[in-house]
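For reference, the structure discussed in these notes is given below.
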Amino acid sequence: MLDQKFIRENPTSVEQKLSSRGKAYNISHIHKLTLKKKEIDIEISILQSESKKLSKLIGQEISKSQNNNNPELNNLKKKGNKYRFKISEFEEKKRILDKQIHDEICNLPNFPSKDAPFGKDESNNVQIKTWGEPLITENVKSHLEIGESLNLFDSEKSAKISKSRFITLIGNGARLERALINFMLDMHTKNGYIELMPPALVNSDSLKGSGQLPKFSNESFKCANDDLWLSPTAEVPLTAFHKNEIVDPKHLPIKYVAYSPCFRREAGSYGKDTKGLIRLHQFNKVELYWFCDPSQSLEAHKKITSDAESILKKLNLPYRLVDICTGDLGFSSSRTFDIEVWLPSSKCYREISSCSNCLDFQARRSSIRTKIDKKNTYLHTLNGSGLAIGRTMAAILENGQQADGSVKLPDALVPYFGSNFLKTT
RNA sequence: GGAGAGGUGGCCGAGUGGUUGAAGGCGCAGCACUGGAAAUGCUGUAUAGGGGCAACUUUAUCGAGGGUUCGAAUCCCUCUCUCUCCGCCA
């Protein structure tokens, strides 16, 4: 959420900043509402002040004179009644205005960072670096083919259970998923992250807090009888973990790592990646999350990104780092680095982690603050996948495939998986 | 699901219609005492909005929202969350 006062005082600057996302934003309507609200606020506080003085006077009069039914007193009470009536009129107007302003501001995305490359869509994203040697050979198999031939998972049976875009992992597939989760959690906790295992169901307020609502209600699954949704990413419960808190500055930065299942409706992606592990309604993810002092968030952004990269390095998976352009940024993010892993079967890099600096955008929506120089100040929040498990498995299968149909697994997984290869059983 | 209790400042906790933003304590900060510290004493210590260069001033806020009243932390209604007991349950 953007700062209401900033919108009121700098409407043109707001429009400029937002419009760098590639679409023109006109906020003159919100701007007018905020001015109107200020007028009403002033009006109300004058009336309240008068009415308060009068009430004190009446109180004093009553305690002075025993007779609390004298005509003078009744006159004063009548006067007070008029104030009450006027005030409630203005308050009604204010209520309506507040709601309008809040609703509109909640639909505005974060300001892109001035450091983010300017651009319209993903074609303007900028590659920062690559790591590892992409495997380019003829006759590579897709992770889907490998998975089916090694009996690691089954999509068709999963469609019977649920529908398409769900997966059941089988035998070594399930074991590998589990190994990857444990491997990643161990890596990150050794690196100073506190592990959390949050609820998978989250309320609407939490989704608003991290920016998924009100605008993107279409992208999450909602429970019919409760105000609960299936969490699309651990970013949601992790943000909400400190909702409405004033965090002690000596605890900063707070760094969490959380494993969670993630649920997404994937509306509008019909026909894309319909098979395999790449795009599912339910997938597992290990998420990194920081709450930090505003002055530290640029550094923190680099760190969270390199923490996510370290997993790919350990797994020896070739990847590249991409600086997301202004037009392709997520709603809550001011700057995002995507990490994309090499998938030999499609001869391209695919997103496996997205590391974002949301500045105070989520903290303001969720009211998460700290004391800095005696002033309550919104924290900065950062999130990054560390990593998406299903896509990691896909990358391991494709990059480790051998001519004989087996898969060589990264050595780092041996303590977790028990061996360094997958064969037909 | 049934019954009951309760949500007050960073924390604990008093307060059942009147000048209460709210006693007291803890915590925290400053000062005094000390060689230094502890202990002690004194002073200060909520958030948000408005006005002012500032000192300051003003309004709101006692889970949320309505209502009664000249006046509500206190009375009424609705919602919500937490806790305890019973039932059910991995």
Side-chain angles (χ1 to χ4, degrees), chain A residues 1-10 30-31 33-103 105-106 197-209 213 223 225-229 237 240-252 254 261 291 360 363-379:
Chain A
M1 190 160 61
L2 303 176
D3 183 14
Q4 189 170 322
K5 191 171 176 183
F6 187 81
I7 293 176
R8 192 178 68 220
E9 290 170 358
N10 310 281
I30 307 176
H31 181 239
L33 293 178
T34 57
L35 292 176
K36 186 93 203 263
K37 176 175 140 49
K38 190 174 160 183
E39 276 174 36
I40 289 181
D41 278 344
I42 291 171
E43 200 66 45
I44 288 179
S45 77
I46 293 170
L47 285 169
Q48 276 169 334
S49 169
E50 295 296 319
S51 151
K52 202 172 165 181
K53 276 181 210 154
L54 185 65
S55 293
K56 279 186 188 176
L57 184 68
I58 293 175
Q60 283 164 351
E61 291 298 319
I62 287 176
S63 56
K64 253 191 260 166
S65 71
Q66 271 70 357
N67 173 14
N68 62 0
N69 206 16
N70 74 52
E72 225 175 281
L73 218 52
N74 284 337
N75 264 339
L76 288 178
K77 286 187 186 176
K78 262 185 206 158
K79 206 174 158 192
N81 203 338
K82 275 184 193 155
Y83 278 127
R84 185 159 65 94
F85 188 73
K86 264 195 195 164
I87 290 171
S88 66
E89 249 178 22
F90 276 107
E91 278 182 336
E92 178 63 22
K93 282 185 196 167
K94 179 189 154 87
R95 248 199 302 281
I96 294 167
L97 265 179
D98 271 340
K99 192 176 178 328
Q100 282 179 330
I101 292 169
H102 186 259
D103 287 354
I105 291 183
C106 275
M197 198 171 284
L201 267 62
V202 296
N203 60 36
S204 335
D205 196 48
S206 297
L207 283 163
K208 273 180 210 152
L213 284 180
C223 298
N225 297 321
D226 300 280
D227 177 33
L228 289 169
W229 304 65
F241 192 60
H242 288 292
K243 183 159 64 184
N244 298 326
E245 286 184 15
I246 297 170
V247 177
D248 191 330
K250 65 179 177 237
H251 295 148
L252 296 177
I254 302 175
F291 295 90
D360 64 0
R364 181 172 281 109
R365 288 169 91 99
S366 303
S367 187
I368 306 169
R369 295 170 294 177
T370 191
K371 283 262 192 239
I372 296 175
D373 298 328
K374 295 190 176 174
K375 277 211 61 151
N376 283 349
T377 312
Y378 290 109
L379 290 172

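Labels below follow one simple rule: chain letters A, B, ... track the order of the sequence lines, proteins then strands, and each chain is numbered from 1.
- Using C1' as the reference atom, B/C28 and B/U69 are 40 Å apart when rounded to the nearest Å.
- Between A/S45 and the phosphate of B/U58, there is no side-chain N or O to OP1/OP2 separation shorter than 4.0 Å.
- Applying the 4.0 Å criterion to OP1 and OP2 of B/G50, one finds that A/R8 has a side-chain N or O inside that range.
- A residue-by-residue look at A/G80 and A/E50 shows that A/E50 has its nearest nucleotide of RNA chain B further toward the 5' end.
- Under a 4.0 Å N-O distance rule, the pair A/R95/A/E92 qualifies as a salt bridge.
- Atom NZ of A/K36 has 12 or fewer heavy atoms from other residues, nucleotides or ligands within 6.0 Å.
- A donor-acceptor contact shorter than 3.5 Å links the side chain of A/S55 to the backbone of A/S51.
- Taking atom P in both B/C77 and B/A23, the straight-line distance is 29 Å, to the nearest Å.
- Contact annotation for A/K78: no contact, since no heavy-atom pair falls under 4.0 Å across all strands.
- Contact annotation: A/K52 does not reach the phosphate of B/G18 (side-chain N/O to OP1 or OP2, under 4.0 Å).
- Counting non-hydrogen atoms under 4.0 angstrom, A/I42 reaches the backbone sugars and phosphates but no base.
- If you check every strand for non-hydrogen atoms under 4.0 Å, A/K38 touches sugar and phosphate atoms only.
- Using atom P as the reference point in both B/G18 and B/C12, the two lie 27 Å apart (nearest Å).
- Heavy atoms of A/K53 sit nowhere under 4.0 angstrom from any nucleic acid atom.
- Of the possible donor and acceptor atoms, one in the side chain of A/S88 sits under 3.5 Å from a partner among the backbone N and O of A/F85.
- Here the nucleotide nearest the side chain of A/R95, chosen from B/G66, B/U69, B/U19, is B/G66.
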